[in-house]
Amino acid sequence: MERYEHGEIEKKWQKQWSEDGVYETQDIAQGKENFYQLFEFAYPSGNLHIGHWYAFAMPDIVARYKRMKGYNVLYPVGFDAFGLPAENAAIKRGVNPRDWTYENMDHMRMQMRSMGASFDWSREVVTCDPAYYKWTQWLFLQLYKAGLAEHRGVDANWCPSCKTVLANEQVVSGLCERCDSAVEKRQMKQWQIGITQYADRLIDDLDDVQWPQDIKMSQKNWIGRSEGAELEFKISGEDYKLKVFTTRPDTLYGVTYMVVAPEHEIIQNLEKKIPNIKAVRDYVAESAKKSEIDRTNDTKEKTGVLLEGIKAINPANDEEIPVYVADYVLGNYGTGAIMAVPAHDERDQAFALKYDIPVRHVVAKKVGEIASIDLEKVGSYGIIQNNEGKFLIQYSKRVDEYWLPGGTVEDGESLEQALEREVVEETGFSDFVNGNKVSVVVWDQYSHTKKKTRRNVCHAFAVSLSSKKRVEIKMTQVEKDDEMVSKWMTYDEIDAAIKKQVNKEKGEVMMLLLDTYVKREVFAKDGVMINSGEFDGMESEEAKKAIVEKVGGEITTTYKLRDWTVSRQRYWGAPIPIIHCDDCGPIAVPDAQLPVELPDVEDYLPNDDGRSPLAKNEDFVNVSCPECGKDAQRETDTFDTFMCSSWYFLRYCDPDNVESFADMEKLKMWMPIDHYSGGAEHTTMHLLYSRFFTKALYDLGLVPSSEPYTRRMNRSLILGPDGNKMSKSKGNVIDPDDIVEKLGADTMRLYLAFVGPYNEVSSYPWNPQSIIGVRRFIERIWKLQEKVGDGGTKASDQALHKALDTVTASIENYKLNTGVSALMGTINVLEKEVSITKEHMTLLVTMLAPYAPHVAQEIWEGIGHDGYVAKVQWPEVDATLLVEDEILLIVQIGGKVRDKVTVAAGQDDAALEKIALASEKVQKFIGEKEIRKIIVIKGKLINIVI
RNA sequence: GCCUCGGUGGCGGAACUGGUAGACGCGUCGGACUCAAAAUCCGAUUGUAGCAAUACAGUGUGGGUUCAAGUCCCACCCGAGGCACCA
């Protein structure tokens, strides 16, 4: 037996596959269904790393399997060759980005061939090739002509280090996604794409795709849809209306002030009416100086300035309320102005506390569920805390119940008056200072004594005692009967006590009242309307619509998603195919003149002035207007590389087409993509952009489906042996070329498959021992060839078919690791046999072929087969072989395993019961006890209940 | 803070619709072969107690449902990711 020489074997077959065009895909294959398996194409960064292997070689296992399963599989490959990463790397080395990119691609192609993956290289797509970007430009112009692209002044994200504008998605918590520099705001005229017009569909259509929950949620969060209403507040004495967006129109009666963002136009428009305009302007200037990070970072301390001389009018009750300017309100979200409800919004409460603005509760928490209310009672209760932190509680000895001091409000009394009267009567403490209202709870209960339903509106006030002076206690008869006493109790004592009391609801109400004070909670949920005129008693959810209707507001939706800025002030990108004419405005370059080729230039370095390096190239810039023929200038910005990658998967379907970006008939053959795998970092960038692109093109009748990817899966990360992310500076980088050389591509593929489930996002440290174990496994298969002879056992048949069952499911579900385990388990059985048949070995290498294609092919040939194992039919499981002759019967007593008995399969329940009861161990445990019940799970388990 | 997904031996991870927890691999320990080592092969390996048969405990924590819970329900703790002064 020759030794297993991975190097020779792998090179030999890679050459053969390539020469025979084994993996080239036709658009139609007789009798086969098409299957499109896609991975994210690579940036030509220079060198293949383990991450590339994980990204390209794992889906290859699935592609190979699907091919054997009888599908016509498209598994294409290409390069995302334009853009910042390549350009920055080239600049760093002082080489031209074009040369750098093309050299890198050559090198990477070579490395990728060493994976032994079944890529169809004949369909390769390179985005910086004019034959490709001609269509990127053309597609952009289709969007432009459809009103989905516009050159407009924007508050752009400028990266001072990359010297270009970035899209919102490329700013990660205020920093440039590529270089981590702090992003600045610049007013610039930029090309934007109208992705926001598709916000709803981008969210709603997620229901129809088979994507993992987390990816869907990330996209939803990013789009940030929030449903609410726009309401108008008149400015007193002015012909001016302040429009606000709110998700809580039900709290309109609780509005005690308003806030506008520093950028808000009201400051300009009504500046003559604002006596303190100087202070206001200073504040606006101050907040303009703050960077985005500063402004969103100091979330605790809120600042603002009152707009003196201006009063807004609450449309619900015509009350006049003050207006502030404060930077906790953002200019670019909603309407840039809010109605502030300190009782029901945390931020508003913080601001109100600082500037001493009244708080008005208009929604109460509700306890109890009762259909109709017979009578209503309003109560006023005190949260009274002494300097030891204990609370004053009324305790009824008779019914063992706790409650706050206070009581029912009588006719003509205010809440405060009632509270004072009741507390003095019940507790005798008389020197107290009325505090702030802290909360309101509506408690609906059924009174068994009165046989009526009752609503208790319980108001709670935080009250402090100025002295411990007590006067005579005047209890009511009921209170006397209940043996009421006052007690000082800690929060924990109260919490423990009410858990034991019979009336749980009453305890809950008290804790709610108390919690609001103790935990300083702001009640921002749904409840029952109070203090809201005709809406009192209504459920707040219902009141939303009713109040919007009453004040003539409008139900609206806002989004966090912003339009996609696609201009980049950089050289290495596809030129934006637009000509600016003084008379005609921005004009699309006529189709016949596409592509607008990226010229070769001497100076490709980016500038600080916000203009692309192409702007210096007069030959490029100066053209005549395609409309009127006058002198005009080309757009000199280039496209965001995400434009190029938003449609590359369409080009794979028809890569050589010179008439169009892709023929509709060919697109229909392949789209939508059956499975797409890639990195989690693209969830709210490429994945969102390409979904938008597909939808827009679908609406223009250019593509056959409105979603590009039926299934999507984010891949895990392979870490260095030390558990950290691989990086040159940490010195923990594993070079795949080394592994291929020392252990072979098949070992690498199997190792990566074995390391953990491919369909879950996690991170796996590189384990140098473990990969040797995998290599050992291949060598054991290799040696198994020696055992191929005439004889073979049924045990081998069974082991192989059991594995086949697992391997098939494993690949279908992208849990590639369990398939490798199953194969390992099989050879543990086969190795113990004296001899196995050629059929056994054939089945084994057929299953191995998707995982380790080289060695599988070599053995395939070695045992006397012609052609390619990659082209054979995936075997069917012989179900009869999965049936065991004997089973291991688990005998439980009361759910605990007490015995395991090997019995003949296929016996009926009664027979199994008999066997179980005959067991000595079982008898020992049962003893004298009576058997209450016996549960039999067919072919598996018996549970005897005693 | 809100949303989503997770938490299983020393490690990576198995466990179908509730039915033997820890498959498979790594590591560790013991043994065989060898003058010795590497490689290879064989055996053991969740913890505690015990010479052992065995018993008890055990899937983040605490409750619950069930004949039976890693799996289902409730509450909480921890981790990862997304959003975040977003009204």
Side-chain angles (χ1 to χ4, degrees), chain A residues 173 212-226 228 244-248 251 258-259 261 295-302 326-330 332-341 344-348 350-351 522 524 558-560 680-681 683-684 714 723 750-751 754-757 760-774 776-777 779-780 783 805-806 809 815 817-828 831 888-900 921 924 932-946:
Chain A
S173 54
Q213 223 15 258
D214 57 324
I215 308 184
K216 291 188 182 185
M217 287 320 295
S218 292
Q219 289 208 349
K220 281 183 190 172
N221 283 343
W222 181 259
I223 296 166
R225 175 160 67 188
S226 113
V244 300
F245 173 75
T246 178
T247 54
R248 293 296 303 269
T251 62
M258 299 186 79
V259 185
R295 204 174 138 171
T296 48
N297 250 356
D298 18 282
T299 49
K300 278 172 198 112
E301 193 63 8
K302 295 204 174 3
D327 64 7
Y328 80 91
V329 171
L330 307 175
N332 59 3
Y333 184 79
T335 61
I338 61 155
M339 56 180 234
V341 187
H344 303 295
D345 182 284
E346 234 172 278
R347 293 149 303 171
D348 295 345
F351 191 85
V522 171
T558 59
Y559 306 88
K560 284 181 234 169
E681 70 275 19
T683 301
T684 54
N714 282 355
L750 272 168
Y751 170 71
F754 188 52
V755 77
E760 287 169 23
V761 181
S762 174
S763 52
Y764 306 115
W766 180 268
N767 186 332
Q769 326 283 5
S770 187
I771 191 169
I772 291 186
V774 171
R776 207 144 48 205
F777 164 63
E779 284 174 8
R780 284 164 70 192
K783 266 173 108 178
D805 200 32
T806 310
K815 293 198 66 161
N817 53 333
T818 54
V820 182
S821 295
L823 290 172
M824 287 172 167
T826 312
I827 69 156
N828 285 344
E831 271 178 344
L888 188 66
L889 183 69
I890 307 302
V891 185
Q892 295 184 333
I893 294 173
K896 289 199 171 204
V897 180
R898 292 304 179 190
D899 201 7
K900 301 172 186 183
K921 288 172 189 165
K924 200 181 91 194
R932 291 202 311 207
K933 202 187 210 180
I934 298 182
I935 287 139
V936 182
I937 305 297
K938 265 237 168 328
K940 256 185 198 166
L941 178 140
I942 286 191
N943 191 10
I944 301 164
V945 188
I946 51 175

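Chain letters run A, B, ... following the sequence lines, proteins first and then strands; every chain starts at 1.
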Between N or O atoms, less than 3.5 Å apart, protein on one side and nucleotides 12-14 of chain B on the other: list the pairs.
unit_1, atom_1, unit_2, atom_2, d
B:rG12, O2', A:Val755, O, 2.5
B:rG13, O3', A:Asn817, ND2, 3.2
B:rA14, OP1, A:Lys815, NZ, 3.3
B:rA14, OP1, A:Asn817, ND2, 3.2

Please tabulate the protein-to-nucleotide N/O contacts below 3.5 Å involving nucleotides 45-52 of chain B, giving atom names and distances.
none

Please list each protein N or O that sits under 3.5 Å from an N or O in nucleotides 18-20 of chain B, with the distance.
unit_1, atom_1, unit_2, atom_2, d
B:rG19, N2, A:Asn943, ND2, 3.4
B:rU20, O2, A:Lys900, NZ, 2.9

Between the protein and nucleotides 70-73 of chain B, which nitrogen or oxygen pairs come in under 3.5 angstrom?
none

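Counting non-hydrogen atoms under 4.0 angstrom, A:Gly334 reaches nothing in the nucleic acid. Using a 4.0 Å heavy-atom cutoff across all strands shown, A:Lys924 reaches no nucleic acid atom at all. When heavy atoms are screened at a 4.0 angstrom cut-off, A:Arg898 is found touching the sugar-phosphate backbone but no base atom. Residue-level contact check: A:Asn828 touches the backbone only, with heavy atoms under 4.0 Å from sugar-phosphate atoms and none from bases.
For A:Lys921, the salt bridge (Lys or Arg N to Asp or Glu O under 4.0 Å) criterion is met by A:Asp899, not counting sequence neighbours. Judged as a salt bridge (Lys or Arg N to Asp or Glu O under 4.0 Å), and not counting sequence neighbours, the contacts of A:Arg347 are A:Asp345. Here A:Glu779 pairs with A:Arg775 under the salt bridge (Lys or Arg N to Asp or Glu O under 4.0 Å) rule; sequence neighbours left out. With sequence neighbours excluded, the residues satisfying side-chain hydrogen bond (donor to acceptor under 3.5 Å, both in side chains) with A:Glu831 are A:Arg780. Every residue two or more places apart in sequence or in another chain that forms a salt bridge (Lys or Arg N to Asp or Glu O under 4.0 Å) with A:Arg225 is listed here: A:Asp200, A:Asp204, A:Glu227.
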Counting primed atoms plus P, OP1 and OP2 as sugar-phosphate and everything else as base, spell out the protein contacts along nucleotides 39-44 of chain B at 4.0 Å heavy-atom distance: B, S or - for each nucleotide, 5' to 3'. -S----
Give the B/S/- string for nucleotides 2-9 of chain B, one per nucleotide from 5' to 3', where a protein heavy atom under 4.0 Å of the base yields B, of only the sugar-phosphate yields S, and otherwise -. -BSS----
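Dashed line: the shortest gap from a side-chain N or O of A:Tyr559 to OP1 or OP2 of B:rC86 is not under 4.0 Å.
Taking the ring centre of A:Phe351 as origin, the terminal cationic atom of A:Lys302 falls outside the region bounded by 6.0 Å and 45° from the ring axis.
For B:rG9, the glycosidic angle deviates from 0 by 90° or less, giving a syn base.
One atom, NZ of A:Lys560, and another, C1' of B:rC85, lie 12 Å apart when rounded to the nearest Å.
Residue-environment remark: NZ (A:Lys938) exceeds the threshold of 12 foreign heavy atoms within 6.0 Å.
Scanning RNA chain B for stems, defined as runs of 3 or more consecutive Watson-Crick or G-U wobble pairs whose donor-acceptor distances all fall under 3.5 Å, gives the following ranges: B:1-7 with B:77-83, B:10-12 with B:24-26, B:27-32 with B:40-45, B:46-49 with B:54-57, B:60-64 with B:72-76.
Side-chain contact annotation: A:Ser770 with A:Tyr751, donor-acceptor N/O pair under 3.5 Å absent.
Across B:rC86, B:rC67, B:rA57, the shortest atom-to-atom separation from the side chain of A:Lys896 is found for B:rA57.
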